[in-house]
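The structure under discussion appears below in the form of structure tokens.
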Amino acid sequence: MAHLHITGGRSLEGELVAAGAKNAALPIMAAALLAKGDVCLSRVPNITDVGVMSEILRSIGARVEFNGSGKMVINGDNITTVRAPYELVGMMNASFDIAGPLLARYQEAEVPLPGGCNLGSRPVNLHLDGFRSLGAEVSSDHGYIRVKAHSLRGNRIFFPKTSVGATKNCMMAATLAEGRTILENAAREPEVVDLASFLNRMGARISGMGSPNIEIEGVSELHGIDYEIIPDRILTGTYLIAGALTGGDVTIRKTNPDFIEALTAKLTMANQEVATGRDWVRVKGRRPAFALEVSSSPHPGFPTDLQPIMAAMLTLARGTSIIVETIFDRRYMYVDEMRRLGADMWVSDRTCVIRGVEKLSGAPVKAPDIRAGGALVVAALISEGESQVSGLEFIDRGYERIEEALVSLGADIRRIG
Ligand code: UD1
């Protein structure tokens, strides 16, 4: 089975440049469908989720060219169908991002209803309620959601629950609606802000992004532009935590410290030495790390995507840590694997209790989802002896050549198979 072979015990030292953010790149690729003419993106991460989104766009007739090292050109002027294939959409929840742009520009979208994923149930009711508020008809048939509207009209949309996906989809749909749309209780994630900035550069009129109230004044058309994706805060956080846990000294460059304040605050509380500059963050690991209480919540709270990776660090902390996961119901699938490395963890419902141990010991483990994979790799880096982390199909969805990045910091890790 393909896996990462890791010999633990080396402290990570050095610098890395952050790749572009997966969760900004995917909706921005979908939003490129809104533009007349070519959209030229830079800093697009070379991860399998980007490959899946490229295939989805191609399957409906868009032109997508990717050079594999950051540059991508998308042209959505000659769409041949508004129906996206299940085989591709089912591979990734973010595929549903194409619904809003197709509805806005082509008056119709047919997208398979996302099923659950390894993190739990992934409903899209908030996306669909938002589309309805803009005047779309929503129906469902044979596993497909169909949204249709001759013209969209701006409206007030209140989200009873903060959702990154619903905020992005409704924001994209509203760019070409007639009149003003107000999104209330909108998501404030940096990737939502980046999508709004991208849409504005294409000619949209969006304000308030980054706050809970986003206003969108509809325009009649959007045009192609050049745009650089923001740095990935989850990747930045993963490598910083790896540096801290291994007692190393890691600097992430071309990143944005403001995006990860919730993490750097926790690292400081855990006795780690953190320094930041305009576009860099440095962590020097100190042992022992102190135990923490961490509760995931929407931005600017602690990101759920870093919860498993923070848990990896806390397995060796002095004392008992408590984690509360408030976003996804199956986000502790990695705990059994972490126990195989010697972690002392106990889960009840949304709470995970971690009693710090003296050491972890290498073992074969399997990643159950993307960030759980990141967490197991980070834990294996400090585990005595050898570990084999499988489940690369998940890790490669979010981490571009993770082994190369870690080798450049001095880790003993290689890809097998
Ligand atoms: C995005 C991120 C993901 C991150 C998550 C939370 C992408 C591609 N993925 O996922 O990495 O972990 O934000 O920060 O950007 N919900 C509903 N109804 C809906 C939509 C969501 O009940 O219509 C629920 C979800 O089940 C979940 C919560 O709301 O419990 C948050 O989901 P959401 O913010 O929409 O996450 P995603 O956009 O799917």
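Only this structure's heavy atoms are used, side chains among them; waters, hydrogens and symmetry mates stay out. Just so you know, ligand 1 is whichever comes first in the structure, and atom 1 is the first atom listed for that ligand. When a residue number appears, it is its place in the shown sequence, counting from 1. Worth saying up front: this structure is predicted, and the values here are computed from it rather than measured.
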| field | Expected output: side-chain Asp97 to main-chain Ala30 donor-acceptor under 3.5 Å | value | no
| message | Could you tell me if Arg371 sits above the aromatic ring of Tyr399, with its cationic atom closer than 6.0 Å to the ring centre and no more than 45 degrees from the axis? | response | yes
| message | Using a 4.0 Å cut-off to any heavy atom of Asn93, which atoms of ligand 1 qualify? | response | 39 (O)
| Asn67 (side chain) donor-acceptor with Met72 (main chain) under 3.5 angstrom | no
| Nearest non-hydrogen protein atom, atom 2 (C) of ligand 1 | Asn23 ND2, 3.4 Å
| task | Please write down residue, atom name and distance for the protein heavy atom closest to atom 31 (C) of ligand 1. | result | Ile327 CG2, 3.7 Å
| note | In terms of heavy-atom contacts, Val138 and Ile145 come closest through CG1-CG2, 4.2 Å
| query | Lys168 near ligand 1, heavy-atom distance under 4.0 Å? | reply | yes
| field | Nearest-neighbour protein heavy atom for atom 12 (O) of ligand 1, which is reported as residue plus atom name and distance | value | Asp305 OD1, 2.6 Å
| field | Heteroatom distance test (Phe328, ligand 1): nitrogen or oxygen, under 3.5 angstrom | value | no
| said: Contact between ligand 1 and His127 is defined here as a heavy atom of the residue under 4.0 Å from a ligand atom; is it met? | reply: yes
| task | Mark yes or no for whether Tyr144, through its side chain, and Ala84, through its backbone, hold a donor-acceptor pair below 3.5 Å. | result | yes
| query | Would you say the side-chain atoms of Thr48 and Asp396 include a donor-acceptor pair closer than 3.5 Å? | reply | no
| request: Without swapping roles, check the side chain of Ser95 against the backbone of Val89 for a donor-acceptor pair under 3.5 Å. | output: yes
| query | N/O of Leu26 under 3.5 Å from N/O of ligand 1, yes or no? | reply | no
| query | Any sub-3.5 Å donor-acceptor pair from Thr167's side-chain atoms to Ala187's backbone N or O? | reply | yes
| query | For Ala94 and ligand 1, does the shortest N/O to N/O distance drop below 3.5 Å? | reply | no
| said: Can you report which non-hydrogen protein atom sits closest to atom 18 (N) of ligand 1, along with the distance? | reply: Asn125 OD1, 2.7 Å
| task | Look at the side chain of His3 and the backbone N and O of Met1, then say whether any donor-acceptor pair between them is shorter than 3.5 Å. | result | yes
| request: Considering only non-hydrogen protein atoms, determine which one is nearest to atom 37 (P) of ligand 1 and report residue, atom name and distance to 0.1 Å. | output: Arg122 NH2, 3.7 Å
| message | Within ligand 1, which atoms have a heavy atom of Gly165 less than 4.0 Å away? | response | 35 (O), 38 (O)
| Which heavy atom of the protein is the closest neighbour of atom 34 (O) of ligand 1, given with residue, atom name and distance? | Val164 N, 2.7 Å
| query | Closest non-hydrogen protein atom to atom 23 (O) of ligand 1, residue and atom name please, with distance? | reply | Leu126 N, 2.8 Å
| task | Locate the shortest heavy-atom distance separating Lys36 from Arg105; write the atom from each residue and the value. | result | CG-NH2, 3.7 Å
| task | Can you pull out the closest protein heavy atom to atom 6 (C) of ligand 1? Residue, atom name and distance to 0.1 Å, please. | result | Thr304 CG2, 3.8 Å
| said: Can you tell me if Pro123 contacts ligand 1 (heavy atom of the residue under 4.0 Å from the ligand)? | reply: yes
